[in-house]
Novice: 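Below is a structure I'd like to ask you about.
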Amino acid sequence: MTSTTAWTSEAWKALAEHKAEVSPPTFSVAAALADDDGRLDKLCVAFPDSATADATGDAEEDVAGIGLLADFSKHLVTERTVELFGELAAAMDFNALRAAMFAGEHVNVTEDRAVGHVALRTPEAYKCLYDDGASSSFDFAEDGAEAVGTVLAQMKAFADSVRSGTWKGATGKAIASVVNIGIGGSDLGPAMVVGALAPYAKDELDMHFVANVDPSNLTEALAKCDRETTLFIVCSKTFTTAETLANANAAKAWLLDPAGGLDDAAVAAHFVAVSTNSDGVAGFGIDPANMFAFSDWVGGRYSVWGPIGLSVMLAVGPEAFGRFLAGAHAVDEHFLTAPLASNIPFLMGTLDLWYTNFFGYTSHAVLPYDHNLGRFAAYLQQLTMESLGKGVTRDGVPLPPHLVTSGSVVFGEPGTPAQHSFMQLLHQGQVVPADFLVAASSHAAIGTQHEMLVANAVAQAEALMVGKSHDDPARAFSGNRPTTTFMYRKLTPATLGALIAFYEHAVFTVAALLGLNAYDQFGVELGKKLASAIVDDFAAASTDGHDVSTARIMQHYLALR
Ligand SMILES: O=P(O)(O)OC[C@H]1O[C@](O)(CO)[C@@H](O)[C@@H]1O
């Protein structure tokens, strides 16, 4: 792989020189569109494209039914800009890095691991290195497929048994409530997907998600649960995360509260685990037979596709889960085969890099015009910011501050409420590139309300681009504010799988072009370590060893508690 640092490459210099040609106010996107130079066709990409759609699939629920248009036409780019993105990709060995990830090479160099979430979508398609530390590889279609296929089959059998009522609690009753206990990638993916696919969920199964060590989170969930009909899924890749273990132990104590009349034997019927750590699972008291295993070459924020997605499969069933996987796999194929100039994740990633590094637009808004995607921005915050919030390249070269920004600050809320919250800033304050996600049809029907929703999404993007002059400066809109619109037929499992995979590969693109490792997260370790020490200090009512500021706030807590 190249040792070139992106910011010293000729392509980077060419992009810096080119920037003036596409900078407001001299460059107007509206004017560029009016030139009718084929801009729309070049900057609007349909998905699935011919290379990825199963031509025979035509059901609304199939990949072929996604009907997505990725509209990049409102961005501060020209055809030349996209060409220069391609030159940067060439300088940074993008194609070789992409091939290496899909082949299961250890592209997570700091942890010496493969990055294999794409193999979870359809193990038959990709070869992945077996992560035994050796350089040996195995054909995923023979070895790994069996491993992933085995776990998928285990998940399916379990989901069928719970959803059918065959799986019984300790007193012989069917499961009515599921509590997913996990945090980060062990929570955000399952919680977001279950919420997004609510129209597909089984009515008789109440789903709860407990992530925060704040006792209010678990208390709120347990208040809605009955011991005899509640199943806990303890999701933790490492099975060492303090918050998850605290909540899991509290949940076990609740289950076995003498007032409930259940004994230790009840744990087997009311607890299952999802982890890479079988010793940790057994140590907690969960039967390894009730463990759904996965490998450490699946990153937490990339893990909803495998056993971490168990609560999703319980909620929507194995068939819908399979279509969720199929949508993501179709994007994998698109990412691998589409020319870069019409490669949706590549364009998403290069545009993010373009704005953060060449325009100083370092925030990014995600605006799903869909109530059920209420947690989509939160999910993307971990996916993007835990992947790209880095200070060095994968070779350990520091990123020069003020010259290179590794990842944007992602935020967002569903529209239309966002219009009554922070959209004022996007229209008249700093420029924040934004993604609009909107379905042409809804699962819910009340008069013409869905059409109102769509109209608002389209109007916001139009207003941000066209702007409006006014004699009163306080009432003027500069316009030329870049946005992408993803419009698709309906939010189906396949569509949701595709949308998530687009963002996963956009993250890969930014990391590849900047030379980053998107798959480690050492930045989370210091806070965890200090918190563990302060827990002990609180227990000893001590503030020894802390700086005066920290000691003062600790003392205030000790005085108030
Ligand atoms: O699944 P685990 O091992 O409990 O980790 C939970 C989360 O904590 C992190 O390690 C740090 O935030 C995430 O990457 C991960 O998704």
Side-chain angles (χ1 to χ4, degrees), residues 107-108 110-117 120 131 151 155 179-194 209-214 217-218 232-252 271-284 286 291-312 375-391 406-407 409-410 500 503-504 507-508 511 516-532:
V107 297
N108 176 358
T110 53
E111 295 178 306
D112 190 19
R113 291 173 182 167
V115 172
H117 50 280
L120 297 178
D131 192 43
V151 174
M155 290 167 65
V179 182
N180 188 91
I181 298 177
I183 197 165
S186 297
D187 163 72
L188 286 166
M192 183 275 290
V193 174
V194 167
F209 293 90
V210 174
N212 201 327
V213 73
D214 173 349
N217 197 176
L218 181 60
F232 293 98
I233 306 177
V234 184
C235 277
S236 179
K237 177 177 177 180
T238 58
F239 225 82
T240 60
T241 302
E243 300 98 317
T244 299
L245 295 181
N247 277 319
N249 280 303
K252 187 161 73 166
F271 274 83
V272 296
V274 179
S275 186
T276 63
N277 178 356
S278 55
D279 291 342
V281 168
F284 175 80
I286 293 174
M291 173 179 159
F292 299 83
F294 62 108
S295 299
D296 64 11
W297 41 254
V298 180
R301 51 193 176 274
Y302 297 89
S303 63
V304 70
W305 315 103
I308 290 288
L310 183 59
S311 51
V312 176
R375 296 292 289 155
F376 193 68
Y379 173 80
L380 290 183
Q381 284 180 325
Q382 186 197 12
L383 175 63
T384 60
M385 296 166 76
E386 194 167 88
S387 293
L388 298 173
K390 306 293 166 66
S406 61
V409 176
V410 172
I500 296 171
Y503 282 96
E504 287 181 342
V507 165
F508 174 91
L516 306 178
N517 177 4
Y519 305 103
D520 61 15
Q521 55 282 324
F522 298 116
V524 305
E525 296 309 322
L526 179 58
K528 287 182 184 178
K529 186 178 175 194
L530 294 178
S532 174

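As the structure lists them, so they are numbered: ligands from 1, and atoms in each ligand from 1.
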Novice: Distance to the ring centre below 6.0 angstrom and angle to the axis at most 45 degrees; does that hold for Lys252 and Phe271?
Specialist: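 No; the conditions do not both hold, so Lys252 does not lie above the ring face of Phe271.
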Novice: Would you mind finding which of Thr238, Asp520, Ile183 brings a heavy atom closest to atom 7 (C) of ligand 1?
Specialist: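 Nearest heavy atom to atom 7 (C) of ligand 1 lies in Ile183.
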Novice: Not counting sequence neighbours, which residues clear side chain to side chain donor-acceptor pair (under 3.5 Å) with Thr240? List them please.
Specialist: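 Per chain and number, Thr240 pairs via side chain to side chain donor-acceptor pair (under 3.5 Å) with Thr238.
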Novice: Return the closest protein heavy atom for atom 10 (O) of ligand 1 as residue, atom name and distance.
Specialist: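 Looking only at protein heavy atoms, the one closest to atom 10 (O) of ligand 1 is Lys528 NZ, 4.1 Å.
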Novice: Within ligand 1, which atoms have a heavy atom of Gly185 less than 4.0 Å away?
Specialist: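 Going through ligand 1 atom by atom, the ones under 4.0 Å from Gly185 are 15 (C), 16 (O).
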Novice: Any idea which heavy atoms bring Lys237 and Ser186 closest together, and the distance?
Specialist: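 For Lys237 versus Ser186, the nearest heavy atoms are N-OG, 4.0 Å.
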Novice: Which residue from Thr241, Asp187, Thr240 reaches closest to atom 5 (O) of ligand 1 through any of its heavy atoms?
Specialist: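 Checking each option, the heavy atom nearest atom 5 (O) of ligand 1 is found in Thr241.
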Novice: If you measure from atom 13 (C) of ligand 1 to every heavy atom of Lys237, Gln521, Glu386, Glu243, which option wins on shortest distance?
Specialist: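 Of the listed residues, Glu386 has the closest heavy atom.
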Novice: Mind checking what makes side chain to side chain donor-acceptor pair (under 3.5 Å) contact with Ser236, not counting sequence neighbours?
Specialist: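 Side chain to side chain donor-acceptor pair (under 3.5 Å) check on Ser236 returns nothing, list empty.
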Novice: When you compare ligand 1 with Ser186, is there at least one nitrogen or oxygen pair between them that comes in under 3.5 angstrom?
Specialist: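 There is such a contact, yes.
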Novice: Which of the numbered atoms in ligand 1 are below 4.0 angstrom from a heavy atom of Gln382?
Specialist: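 Listed by number with element: 13 (C), 14 (O), 15 (C), 16 (O).
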Novice: Closest heavy-atom contact between Asp187 and Phe209?
Specialist: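 Closest approach of Asp187 to Phe209: OD1-CB, 3.6 Å.
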Novice: Out of Ile308, Thr244, Val281, Val234, which residue meets the side chain to side chain contact (heavy atoms under 4.5 Å, CB included) rule with Ser275?
Specialist: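 Testing Ser275 for a side chain to side chain contact (heavy atoms under 4.5 Å, CB included) against Ile308, Thr244, Val281, Val234 leaves exactly one candidate, Val281.
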